[in-house]
There are 2 protein chains.
Amino acid sequence: MYKSPSNNNELDHLISLLGKIPGLGPRSARRAALGLIKKKDSLMRPLANALSGVAENVHPCGICGNLDINNPCHICSSTKRDVSLICVIEDVSDLWALERSGSYRGLYHILGGTLSALDGVGPDDLNIKNLIERASDAKVNEIIIATNATVEGQTTAHYVTEQLKRFDITISRLAHGVPIGGELDYLDDGTLTTALNSRRPF
Amino acid sequence: MYKSPSNNNELDHLISLLGKIPGLGPRSARRAALGLIKKKDSLMRPLANALSGVAENVHPCGICGNLDINNPCHICSSTKRDVSLICVIEDVSDLWALERSGSYRGLYHILGGTLSALDGVGPDDLNIKNLIERASDAKVNEIIIATNATVEGQTTAHYVTEQLKRFDITISRLAHGVPIGGELDYLDDGTLTTALNSRRPF
């Protein structure tokens with residue numbers, strides 16, 4: 001049981017809410033609360049406003065599921081993106097990671113998670129129906145399945161691929177192999193095996 | 001340089017503010033922002049309100065420096081505490097730690113940090129003048145110096161002790177030794193030496 005540190009309801013309530021933020025536990029929530037109080041004007045009040053603002057104005061894009069103040073989002077409504085290419089990912093953070101890499105200029109489709117029998121997540125709980133609709137658009141040439149290389153991610157990838165087979169489009173997936181800067185000695189056997197089997201001419 | 005993950009000013013601003021919370025970095029701030037957006041009603045809006053509320057209503061106690069909605073704080077104004085005893089600590093988190101232990105019933109005095117020549121923190125930057133005033137009160141019998149067992153904490157303890165010598169009160173400090181549950185093999189030499197030199201009859 002969480003023991004009240006400050007005997008002060010308002011402060012305790014803040015600490016318990018901070019402790020629910022992914023990445024913060026009870027101890028770091030206490031530290032965070034004190035750090036925030038010490039920076040009331042430069043951090044605490046601006047953060048309160050930013051939280052309210054984003055809660056009010058940021059919503060999932062009706063097409064791809066990206067978070068944006070506009071709907072459709074800035075990627076779906078951009079005229080500079082390659083609309084023949086859709087990259088299927090699990091979550092918004094994957095979209096951010098791909099955008100940071102700066103190497104992808106197509107559209108996205110966010111599933112909102114992975115299939116998981118254990119957690120009771122079935123196909124209807126993911127944004128798959130929408131993807132099938134998008135795939136039926138004649139403009140789409142290729143769909144890149146970029147779910148995570150985990151068991152759940154790969155299961156989901158297989159399911160999505162099955163659903164898309166009936167369309168006359170290329171379905172591809174990200175290459176597996178040695179990460180750039182990776183040392184063979186530290187790699188797991190699965191990655192090494194895949195990298196060896198998928199070897200390419202120099 | 002922090003690269004905009006979402007190409008959305010409002011969301012980026014929130015992420016950069018979250019990244020300034022002690023304990024969160026840029027990556028965990030992104031994760032936190034997504035986690036918050038997924039729990040808009042149960043976490044994000046309540047957190048925004050709690051932050052505003054605490055920023056508005058919680059202030060340092062004019063006597064001891066504790067954070068509270070009342071001034072003097074609930075400890076200084078309590079009739080159940082032993083007013084002859086003052087425990088001198090560095091920060092509010094130390095007060096919380098001592099209150100959690102449930103073994104102290106006196107008053108506190110929060111210095112607000114430690115003396116540090118490197119960081120340019122001198123005696124006037126700490127809440128020491130107030131402490132000397134409180135020590136001159138005839139009701140006070142003992143002052144426990146409970147700064148951290150770090151070099152800065154002990155330097156500060158020595159300075160504070162010097163300042164309090166002229167009063168006719170007992171000045172004590174926390175015992176050093178083997179922590180409860182601690183294994184000798186994992187303790188540093190300094191702690192072991194202190195524990196040995198301060199040994200007590202069984």
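The chains referred to below are lettered A, B, ... by the order of the sequence lines, with proteins before strands, and numbering in each begins at 1.
The environment of A:D168 atom CG is sparse: at most 12 non-hydrogen atoms of other residues, nucleotides or ligands sit within 6.0 angstrom. In this structure, B:R81 places its CZ atom where more than 12 heavy-atom neighbours from other residues, nucleotides or ligands lie under 6.0 Å away. Counted within 6.0 Å of NE2 on A:H158, heavy atoms from surrounding residues, nucleotides or ligands total 12 or fewer; the atom is thus considered open. When the shell of 6.0 Å around CZ of A:R134 is examined, it contains more than 12 heavy atoms from other residues, nucleotides or ligands. Within 6.0 Å of the CG atom in B:D189, the count of heavy atoms belonging to other residues, nucleotides or ligands does not exceed 12. With a 6.0 Å radius and a threshold of 12 heavy atoms from other residues, nucleotides or ligands, A:K40 has its NZ atom above the threshold. For A:N197, the CG atom counts as densely surrounded, since its 6.0 Å shell holds more than 12 non-hydrogen atoms of other residues, nucleotides or ligands.
Within the 4.5 angstrom heavy-atom criterion, atoms from both the backbone and the side chain of B:L18 approach chain A. Of the two parts of B:K20, the backbone and the side chain both hold a non-hydrogen atom closer than 4.5 Å to a non-hydrogen atom of chain A. For chain A, the nearby part of B:D91 is the side chain; its heavy atoms alone come within less than 4.5 Å. In this structure, chain A has heavy atoms under 4.5 Å from both the backbone and the side chain of B:L14. Contact annotation for B:N49: neither backbone nor side-chain heavy atoms come within less than 4.5 Å of a heavy atom of chain A. Only the side chain of B:L34 comes within contact range of chain A, with heavy atoms under 4.5 Å apart.
The choice from B:N70, B:I75, B:L24, B:L36 that makes the most heavy-atom pairs within less than 4.5 Å of chain A is B:L24. The most heavy-atom pairs under 4.5 Å with chain B, out of A:A33, A:S28, A:A32, A:S42, come from A:A32.
The two residues B:L17 and A:A50 make their nearest non-hydrogen contact at CD1-CB, 3.8 Å. For the pair B:G35 and A:P22, the tightest heavy-atom approach, listed with the atom from each and the gap, is CA-CG, 3.9 Å. Contact detail for A:M44 and B:L51: the closest heavy-atom pair is CE-O, 3.7 Å. Nearest heavy atom pair, residue B:R45 against residue A:A55, reads NH2-O, 3.1 Å.
A heavy-atom distance below 4.5 Å is found between the side chains of B:L47 and A:I21. No side-chain heavy atom of A:E56 sits under 4.5 Å from any side-chain heavy atom of B:E10.
The CG atom of A:L11 sits 6.5 Å away from atom CG of B:L67, with the distance rounded to the nearest 0.5 Å.
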